[in-house]
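Counting from 1, the numbers follow the sequence of the chain as shown. This is a predicted model, so every value here is computed, not measured.
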Amino acid sequence: MEKRLLLYLFIGCTLVANLEEFVAAKVRHYKFEVEYIYWSPDCEERMMIGINGRFPGPTIRAKAGDTIVVELRNSLPTEGVVIHWHGIKQLGTPWADGTASISQCAVNPDETFVYRFQVDKAGTYFYHGHYGMQRAAGLYGSLIVDTADGEEEPFHYDGELSLLLSDWWHESVHVQMLGLASIPFRWVGEPQAILINGRGQYNCSLAAHLTGETSSCKITNNQCAPVVLQVRPNKTYRLRIASTTSLSALNLAIANHNMTVVEADGNYVEPVTVNDMDIYSGESYSVIIKTDQNSSLNHWISIGIRGRLPKTQNALAILNYHPNSPSKLPSYKPPVTPQWNDYTHSKEFTYKILAMHGTQAPPANSDRRIALLNTQNKIDGYIKWSINNISLVLPSTPYLGSMRFNLKNAFDTEKPPENFSEHYDVMRPPINPNSTKGSSVYKLKFNSTIDVVLQNTNALTGNVSEIHPWHLHGHDFWVLGHGDGKFRKNDVSKFNLRNPPLRNTVVIFPYGWTAIRFVANNPGVWAFHCHIEPHLHMGMGIILAEGIELISKIPNEALACGITGQVLMNNKRH
């Protein structure tokens, strides 16, 4: 009788808890019309992609546990579109990941697609186009998830600020893509401007009167007006920072203010205080700042390029102390960005980011290790990026549909290579630069623990090895370690299993390696790729699949192209 009473009490409490959660969670609706617009993000008018007639796209804000519904209408006249919700795992909704030819068909012009998914965890995220190079054309915006009602962050702040960072070219992405697929090869070059919340200034500086480096900015358009973050003295602020750059690694500093990093990619980290921070494409952070400096002044926020010889003016914003005028420029020079190739500085910051105490530890061992060699190669004279000598080419039929319905001839079925030759010299250009195209899939046993070692190399040109930030869809992973040179088996003993940070994006430094671990526990087909837009376009990525048989109904609209589209049409006829 006593056991039965306890069982009834347990069931009752569970139902009440679930009911409270159900009542608290909300469904948040958005309507996005994606279209070309004329805009002046750096004071030079160009055609770009906007949402609802504006750039950047609207900020989506929700609470953990909420459901987000986005009705996306494609008003681009001649090309498809999808939107990826960067950092959202899409638990139970793999078709909503927003990856063309992977999770869904591209949405055709004049058609509408409805994304519906739950945001399971508080954090700083963003969304962006994932078809062609539409992210570089301006298709992106912020996605902020607050803690659920009754939950608290493990840090205190009085107010919140946000920075969405990006880079911008005057040349259209169609011209850029043509150059990448041409003989001779035409690289996209360095961006004309770094944008802060969609605003920048081309070929001029807000601080020109202090530095004498370039001309002063004469701004007559609000679309490129300096970003001003308004604060009150002696308060504590959370500053959310996300990078959706197409190419650029960035460094951020706030003059006379330290920053304490507390969140990375939607995961809490052990607080670490820094003077400046590097942020790579695909990463997001939250930092805590205290407005305890001279309140009679405004202060510079400076963002410069790292990892590439900079040919782009630093971006500047203003930390505006109340009651100073927002138009009052700081009277001193902005912070100086570290030397572009000072990788020691970059590594010192990256290695400081560790999981907050109490974060779930990784499994002690892995079931499978995949080593991925990142190389620059040639295929029929065209320059490509390859992984284990295969340059990714996406099929016309989305993997999710073709694998769920066991369709034949939809993609390459041979098993992709899981390692590379131990004799490969990562410090020199490839002896044989020739590579092949492929669309094969790394099939993962459901609930297995996977290690991936990302190995960087020398590019086709001697003494050139680039930074590559890699982003994994559908998962967070533990960053177990980094190293210089070639990964060796005995490097496993150096893995950090005690407090590795959980991330969804991780950097490989030049001539180095990075090791990650994740659990393949999210049914779906997921991209894992370099987040530099031209590199992915040139083949730098792989496809992972797990638990496909566990996926329930997939909306027909996600599959209405390629072979799956033909199957759907045949089913309708019968």
Practice prompt. Taking the side chain as every heavy atom from C-beta outward, state whether R306 and Y280 have any atom pair closer than 4.5 Å.
Written response: no
Worksheet item: Looking at S281, S284, S243, P469, which one forms a side chain to side chain contact (heavy atoms under 4.5 Å, CB included) with T505?
Response: P469
Worksheet item: Could you give the distance from CG (N522) to NE2 (H475), rounded to the nearest 0.5 Å?
Response: 5.0 Å
Discussion item. Please identify which of these residues, D278, T350, N251, D276, meets the side-chain hydrogen bond (donor to acceptor under 3.5 Å, both in side chains) condition with H345.
Written reply: D276
Fill in: Side-chain heavy-atom pair E418, R368 within 4.5 angstrom cut-off
yes
Worksheet item: Below 4.5 Å, heavy atoms only, C-beta onward: do I305 and T337 meet side chain to side chain?
Response: no
Worksheet item: Are V34 and L139 side-chain neighbours, meaning at least one heavy-atom pair lies under 4.5 Å?
Response: yes
Worksheet item: Tell me, do R503 and F477 make a side-chain contact under 4.5 Å, heavy atoms counted?
Response: yes
Discussion item. Counting neighbours of CG on N463 that are heavy atoms of other residues, nucleotides or ligands and sit closer than 6.0 Å, is the number greater than 12?
Written reply: no
Item to complete: Only counting residues at least two apart or in another chain, list the ones meeting side-chain hydrogen bond (donor to acceptor under 3.5 Å, both in side chains) with D367.
Response: none
Fill in: Heavy-atom side-chain proximity of F55 to P41 below 4.5 angstrom
yes
Item to complete: Using a 4.5 Å cut-off on heavy atoms from C-beta on, say whether the side chain of I241 contacts that of L252.
Response: yes
Worksheet item: If you look only at pairs with a residue in residues 94-103, which of them pass as a side chain to side chain donor-acceptor pair (under 3.5 Å), with sequence neighbours excluded?
Response: H84-D97, D97-H473, T99-S103
Worksheet item: Taking the six-membered ring for Trp, is the centroid-to-centroid distance between W85 and F117 below 6.0 Å?
Response: yes
Worksheet item: In this structure, which one of I68, I60, I88 forms a side chain to side chain contact (heavy atoms under 4.5 Å, CB included) with Y127?
Response: I60
Worksheet entry | Test item: H130 and R135 side chains (from C-beta on) under 4.5 Å apart, heavy atoms | no
